[in-house]
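The sequence lines fix the lettering, A, B, ..., with proteins before strands; numbering per chain opens at 1. Atom set for the values below is all heavy atoms of this structure, side chains included, hydrogens, waters and symmetry mates excluded.
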There are 2 protein chains.
Amino acid sequence: MYSDVMSTPERLISATRDLLWQRGYVGTSPKAIQRLAGAGQGSMYHHFSGKPALALAAIRRTADEMRGTAESALDGPGTPYERIAAYLLRERDVLRGCPVGRLTMDPEVTADETLRAPVDETLDWLRGRLTGIVAEGTAGGGLRPGLDASATAAAVVATVQGGYVLARATGSPAAFDAAVHGLLALLAPDDHRTPEV
Amino acid sequence: MYSDVMSTPERLISATRDLLWQRGYVGTSPKAIQRLAGAGQGSMYHHFSGKPALALAAIRRTADEMRGTAESALDGPGTPYERIAAYLLRERDVLRGCPVGRLTMDPEVTADETLRAPVDETLDWLRGRLTGIVAEGTAGGGLRPGLDASATAAAVVATVQGGYVLARATGSPAAFDAAVHGLLALLAPDDHRTPEV
DNA sequence: GTCTATAGACAGATAGAC
DNA sequence: GTCTATCTGTCTATAGAC
């Protein structure tokens, strides 16, 4: 249940976001959304045409929020290496996984162009943002020189997404941390010690 | 439908493996399994106690197969760097994702200790196997010296798992390839050029 | 071993009263 | 805007005949 000061559509969106994160699209039913939102059947179908529309609103909201969170770390002070480290090491609810990346494993999401678009755009934006920072870093900002900025950025995003997989497999965040620290060591030049962030 | 030379239990397991890969545990119904396997309701429940038992058999089979495939690449000839490259660059049906890693996003799988175990053990084995190879490689086998073998191995596995996420988000294998090549460049010493594998 | 019948609960809505 | 009733199909089995 969500705060009473939220409107019914807002509560429905919040509930859908939470369930999509925890159970995915296929595993999330209208009934479960209604129960969590404290809204009735008729109420939900009054505000949204159905499960796909509600999911789209929820996914867009989650994608926007993730973009803002990532930008906070990437836009911060410090060298390119430090900003990438800030992004990689920021606090996360590791065992819950990535609310955006998770959706790529949902066949109904990837099959629906409309639902997949916000997911694609968000991860694409993140890769592009990191590409710029890596390019800056290889030109004297604390990253190994000579790296392909775009490929390196893809490796950074992939390590995070895959770190969630390892963590959820083991049931502990340790594997995520290991992957991230492993990558940070690889990003630094040979003569550089990974700073304690 | 599967070959008639396979026994009914084998056809059921194969069908379950395929559906688990494509739709996950939550998205896979007994009815769909029966249809794909060409087996009747009663037949399925005669051989397996229910969906969880069938899923367990399917997951074990898939995990064993993945282990064998990975071992083929990791056990091959060449330097540690080359063996890791062989693993990373081996042919994959990238857009289908990892049949084992995928299961970690399924709440019913992670909630069930029995179902999660083979997933955990397989990824754990892979990390351990790579840790040994990385350790060998940092001692003169074409990898950057001074790396934490365990953390580096985690980064390698995470990059693969996350590469699938990126590929499925964009709908193209290109992002997977970018992440893998980005990582390979990072693994090589500064003076080393990534070989064309 | 395989088949059909049956069953209670849920999925994903639509209709119409209030 | 919200509520209750209703509906068709699916989910995950169980029972018992063949």
Side-chain angles (χ1 to χ4, degrees), chain A residues 1-59 103 105-112 114-115, chain B residues 1-59 103 105-112 114-115:
Chain A
M1 262 279 225
Y2 297 93
S3 163
D4 288 348
V5 304
M6 288 170 75
S7 67
T8 297
E10 284 301 317
R11 276 182 288 117
L12 284 165
I13 290 175
S14 293
T16 306
R17 290 179 62 189
D18 279 359
L19 289 168
L20 243 32
W21 193 358
Q22 200 200 332
R23 312 207 16 104
Y25 185 86
V26 172
T28 296
S29 70
K31 179 178 279 191
I33 294 169
Q34 293 152 25
R35 183 160 15 87
L36 187 57
Q41 192 103 314
S43 198
M44 183 191 120
Y45 282 102
H46 173 74
H47 294 290
F48 297 93
S49 64
K51 180 175 163 177
L54 195 37
L56 179 58
I59 291 173
L103 299 167
M105 293 302 141
D106 233 304
E108 321 254 324
V109 171
T110 50
D112 183 333
T114 313
L115 292 179
Chain B
M1 262 283 223
Y2 298 93
S3 161
D4 288 348
V5 304
M6 289 171 75
S7 67
T8 298
E10 284 301 318
R11 277 182 288 117
L12 284 165
I13 290 176
S14 292
T16 305
R17 291 180 62 189
D18 280 358
L19 289 168
L20 243 32
W21 193 358
Q22 199 199 334
R23 315 211 9 110
Y25 185 86
V26 172
T28 296
S29 71
K31 178 179 281 193
I33 294 169
Q34 292 151 27
R35 186 161 12 89
L36 186 58
Q41 193 102 314
S43 198
M44 183 192 120
Y45 282 102
H46 173 75
H47 294 289
F48 297 93
S49 66
K51 179 175 163 177
L54 195 37
L56 179 58
I59 292 173
L103 299 167
M105 293 302 139
D106 232 302
E108 321 253 324
V109 171
T110 51
D112 184 332
T114 313
L115 293 178

- prompt: So, is A:T8 near the phosphate of D:dT2, with a side-chain N or O under 4.0 Å from OP1 or OP2?
  reply: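 Yes, within the criterion.
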message: I need the residues from residues 10-23 of chain A with at least one non-hydrogen atom less than 4.0 Å from DNA chain C; give them sorted by number, or say none.
response: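 Correct list: empty, so none.
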message: Below 4.0 angstrom, which residues in residues 29-36 of chain B have at least one non-hydrogen atom near DNA chain D?
response: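 DNA chain D contact set from residues 29-36 of chain B: B:S29, B:P30, B:K31.
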task: Name every residue in residues 42-55 of chain B that has at least one heavy atom under 4.0 Å from any atom of DNA chain D, in order of residue number, or write none if there are no such residues.
output: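 Per residue number, the list reads B:Y45, B:K51, B:P52.
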Over all heavy atoms of both residues, which pair between [X] and [Y] is shortest? Give the atoms and the distance, please.
X: A:Y45; Y: A:G50; answer: CE2-CA, 3.8 Å
X: B:G40; Y: B:Q34; answer: O-CG, 4.0 Å
X: A:I59; Y: A:L103; answer: CG1-CD1, 3.8 Å
X: B:M6; Y: B:S14; answer: CE-OG, 3.1 Å
X: A:Y25; Y: A:A55; answer: CE1-CB, 3.4 Å
X: B:A37; Y: B:Y2; answer: CA-CD1, 4.3 Å

Test log, rule side chain to side chain donor-acceptor pair (under 3.5 Å), inputs A:R11 and A:T8: CA-CA 5 Å; A:R11 276 182 288 117; A:T8 297; 2.9 Å; yes
message: Distance check needed: C:dG16 P versus A:Q41 CD, whole Å only.
response: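 In whole Å, C:dG16 P lies 16 Å from A:Q41 CD.
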message: Considering every strand and a 4.0 Å limit on heavy-atom distances, what is the contact class for A:T28: base, sugar-phosphate, or nothing?
response: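 Result for A:T28 = sugar-phosphate.
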message: Quick check against the 3.5 Å criterion: does B:T16 have a side-chain atom that pairs as donor or acceptor with the backbone of B:A58?
response: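 Side chain of B:T16 to backbone of B:A58: no pair is present.
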- request: Without swapping roles, check the side chain of B:R23 against the backbone of B:T28 for a donor-acceptor pair under 3.5 Å.
  value: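 Here the side-chain-to-backbone pair does not exist.
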- prompt: Would you call A:I33 and A:F48 a side-chain contact if the rule is heavy atoms closer than 4.5 Å?
  reply: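 No. Closest side-chain heavy atoms not under 4.5 Å.
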